[in-house]
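Report on the following structure.
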2 protein chains.
Amino acid sequence: MHSEEPEGNQVTPSTGQNLDPHLKRYAARAEGMTASEVRALFAVANRPEVVSLAGGMPNLAALPLDSIAAEVASLIAKEGLVALQYGSAHGLPALREQICDVMSLEGITGHPDDIVVTAGSQMALDLVTRIFIDPGDVVIAEGPSYVGALGTFASYQAQVVHVEMDAAGLVPEALRQALAVAQAQGRRVKFLYTIPNFQNPGGVTLDVIRRAEILEICRQAGVLVVEDNPYGLLGFEGQTYPALRSMDPDNVIYLGSFSKTFASGLRVGWALAPHAVREKLVLAAEAAVLSPPVLSQMIVSRYLSTHDWQGQIKSFQQMYRERRDTLLAGLDQHMPADCTWTKPDGGFFVWMTVPEGIDTKAMQPRAVTARVAYVPGIGFYADGFGSRQMRLSFCFPTLDRIREGVRRLAVVLEQEMELLRTFGPASRRISSGPQTPSPDTA
Amino acid sequence: MHSEEPEGNQVTPSTGQNLDPHLKRYAARAEGMTASEVRALFAVANRPEVVSLAGGMPNLAALPLDSIAAEVASLIAKEGLVALQYGSAHGLPALREQICDVMSLEGITGHPDDIVVTAGSQMALDLVTRIFIDPGDVVIAEGPSYVGALGTFASYQAQVVHVEMDAAGLVPEALRQALAVAQAQGRRVKFLYTIPNFQNPGGVTLDVIRRAEILEICRQAGVLVVEDNPYGLLGFEGQTYPALRSMDPDNVIYLGSFSKTFASGLRVGWALAPHAVREKLVLAAEAAVLSPPVLSQMIVSRYLSTHDWQGQIKSFQQMYRERRDTLLAGLDQHMPADCTWTKPDGGFFVWMTVPEGIDTKAMQPRAVTARVAYVPGIGFYADGFGSRQMRLSFCFPTLDRIREGVRRLAVVLEQEMELLRTFGPASRRISSGPQTPSPDTA
């Protein structure tokens, strides 16, 4: 009766909530809290017979569980009175120093004092949004953008304006225009939210030359940059790109995470922020959770000091590269003409556009019936775009499952196109408001 | 350079932040984020030579660390791929079932589906505030109330109205009056926030007969009750009181925690809420942290199923009772006449009022110089009351340290009174707005 499944599919849509006796008591911001497209899908996508190209779960099979178990046991036995006790909202000093070492791989020179450790980088994003966003303030984000970030922005009543990406990431000229439009409308733009490396869900990376240009545009406009970088160390050739934070320390808040390079279930992420902002973040963190989990922080710290964590990241890179190769080869082989997709050189995701007339959300139940799952594109836009798009994850399934999943998806698409040729589009996509192109089609 | 200390004492007061280049970018709610009185004190109070009667840290010395270490090692080795992976925002189903067993000790019949597991109960309070509070909405709270709750309410721009307690807890007639005043002023009261058992910081417990009356008053006024109960199982005679939630399931949101009965550093708490509210809480939790720490949840679940957790709670009760007895005996023996204090029958705290003319915040540096620390009362009120009050914690120090701490505190107080007799009060307390009496003096 109490399933493992997220509740997305059980949540009553807001129009039907008149049975809720507390309806009139909610805050205005609760209006924006609705189940995401990704979430609603997990229940069905997690059935074993379905090949899920939907989830963004890291593949932990390569972790040395036995030696981690031994380290954690020693940690609890010897330092349990610290590990099981309250900590500070700022995070453990030793871990903050180690985080500086991790960030130095992408050119960042940060001070441990300017880091706030959080219960996953989602919490860091929540805190940044909390201290900067008044209802109606504008956040600029790539189109498409991380669904979890859109959820956080909605929960603080931010207005999201998407800016176009192409194969080289965010398009500077499009950013300039979006800022000009917002300014002309008298709207307050608080920050640019960007995932520069192996973007979720776009799978593209921001060109290095463009980085300086984007930073300059934001600085000129008086707009902060929030750089979300969970995948930056997962480049498939071992390559890294200079962090935006390394190029403009005073105007960039950097969000980092151990969820993809070590273990997501520990919930350890961080923000590196200009000093004055960091002070506010610590106060906000204290109000939110008192302190991030102490045992989790000590486990990460111990792992970084006793394991070959850079070697482990290299094996993650290799594992994900094989999966990416397999997915791209399958798409090349099986996808109908008129499908386009991005070619990520790192991270977890490929972004695909299907032929005109096909609605990826409407197609989703038929795909699941054919035992393959993906995430429909509309969940990654706040403006209704994305109905012809989908996100395909290659991070979690085995190579064989990826191959099989692509074959199944191709069959579903072919059937959909056949229906389309016979009967025409079942429903026309409703375009409203600004619409953002897709990074694979620009 | 990167100390273990919380940052409270390093935070620039808001009046001095004009060096912050981001000052004009903050959200309005960031104004309410200021360092608490408790926080500012930790740095000095944690010096080993100072007897701290300030902190509310649980005393974990009695925990069986070796067997916990062994259980956690087995958990990671055998179930590591789940424990280290993302979980749901709702929390682990097995743990939610066990939480129902824990709550049944206080008469609660809850369904596991209506529980949301959070990163400590502070996060549960944050989420409840997030979904219910618009800026300017009123929260009714006991006077004094938990400083961490006041911080959360401030961060969502709630207006806190304190209601008087006496030795039997919240005074129903005072609650009725406060609601009437708020209603007459056209203010929206969203909920009553109450810690009915062994209140923090008051040390008093809400009389059982009064519970039904308080619930009826809130129900009549259309006001929710948020019942925060971290100490409920720590009654010194093994006694428990019926939870408010057990008496009015539809109008009470119950907040629970393993921080005081097991291990605070794991950050595992929960909310039990009416079903429709629970759905909103899960969505809010997802935006806030994606999921609470999975390993922490599995450790708590394993602990509950393999350890004699009720026996462990009994030994916590005994340990804290001895400490309470020692503190009260010391106060009886050493405190000047005209000091009054509460006599808690559970929990961590005694609340004390000192003679007229003494300002506990002004006295604090002299107390720390005399190597004893407490928390000044004003941190526990949102309305400026509490300048003659202080919170004394007996949870953490040894019996000898408690005795010594009380002796030192008595000397400081005597000197302060001597100065007062000689020179008169150094500064007059500024009374502004509604003022709430202290539970030990009512």
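Chain letters run A, B, ... following the sequence lines, proteins first, then strands; residues in each count from 1.
Using a 4.5 Å cut-off between heavy atoms, A:Thr129 touches chain B through its backbone atoms (N, CA, C, O) alone. If you measure heavy-atom distances from B:Asp137 to chain A, you find no contacts under 4.5 Å at all. Neither the backbone nor the side chain of A:Lys78 comes within less than 4.5 Å of any heavy atom in chain B. With a 4.5 angstrom heavy-atom cutoff, A:Ser155 touches chain B only via side-chain atoms. Contact of B:Val277 with chain A is made through backbone and side chain together, with heavy-atom distances under 4.5 Å. Neither the backbone nor the side chain of A:Val82 comes within contact range of chain B; no heavy atoms are under 4.5 Å apart. Contact annotation for B:Phe258: neither backbone nor side-chain heavy atoms come within less than 4.5 Å of a heavy atom of chain A. For A:Ala83, the part sitting under 4.5 Å from any heavy atom of chain B is the backbone (N, CA, C, O) and nothing else.
A 4.5 Å side-chain heavy-atom check between B:Pro274 and A:His22 finds at least one atom pair inside the cut-off. Residues A:Ile299 and B:Leu295 form a side-chain contact, since some pair of their non-hydrogen atoms from C-beta on lies under 4.5 Å apart. Put simply, the side chain of B:Lys24 does not reach to within 4.5 Å of the side chain of A:Arg188, judged on heavy atoms. Looking at B:Tyr26 and A:Asp134, their side chains never come closer than 4.5 Å, going by heavy atoms from C-beta outward.
Ranked by heavy-atom pairs under 4.5 Å with chain A, the first of B:Ser264, B:Ala69, B:Ala263, B:Ser67 is B:Ser264. Options A:Gln297, A:Met298, A:Arg25 differ in how many heavy-atom pairs under 4.5 Å they form with chain B, and the most are formed by A:Arg25. Per-residue counts of heavy-atom pairs under 4.5 Å with chain B were compared for A:Pro64, A:Gly222, A:Pro135; the largest is that of A:Gly222. Between chain A and the residues B:Asp250, B:Leu224, B:Leu266, the most heavy-atom pairs under 4.5 angstrom are made by B:Leu224. Here B:Ala28 is the residue among B:Gly87, B:Gly151, B:Ala28 with the most heavy-atom pairs under 4.5 Å with chain A. Comparing A:Thr152, A:Leu75, A:Asn59 by how many heavy-atom pairs each has under 4.5 Å with chain B, the most go to A:Thr152. Among B:Phe153, B:Phe191, B:Tyr156, the residue with the largest count of heavy-atom pairs under 4.5 Å with chain A is B:Tyr156.
In this structure, the separation between CG on B:Leu81 and CE on A:Met57 is 10.5 Å, given to the nearest 0.5 Å. Note that the CZ atom of A:Arg29 and the CZ atom of B:Arg130 stand 7.5 Å from one another [nearest 0.5 Å]. Atom CG of residue A:Leu84 and atom CZ of residue B:Phe262 lie 6.5 Å apart, to the nearest 0.5 angstrom. The distance from the CD1 atom of B:Ile76 to the CD atom of A:Glu71 is 10.5 Å, given to the nearest 0.5 Å. Interatomic distance, NE2 of B:His275 versus CG of A:Asp20, reported as 10.0 Å (0.5 Å rounding).
Scanning both residues, A:Arg267 and B:Leu290, for their nearest heavy atoms gives NH2-CB, 3.7 Å. Of all non-hydrogen atoms in A:Pro58 and B:Tyr86, the two that sit nearest each other are CD-CE1, 3.5 Å. Scanning all heavy atoms of the two residues, the minimum distance from A:Leu65 to B:Ala77 falls at CD1-O, 4.2 Å. Of all the heavy atoms in A:Pro293 and B:Ser296, the pair that sits closest is CB-OG, 4.5 Å. Nearest heavy atoms, A:Ala30 versus B:Lys280: O-NZ, 3.5 Å. B:Met33 and A:Ala284 get closest at one heavy-atom pair: SD-CB, 3.8 Å.
Proximity to chain B among residues 120-127 of chain A is limited to A:Gln122, A:Met123, A:Asp126, judged by heavy-atom separations below 4.5 angstrom.
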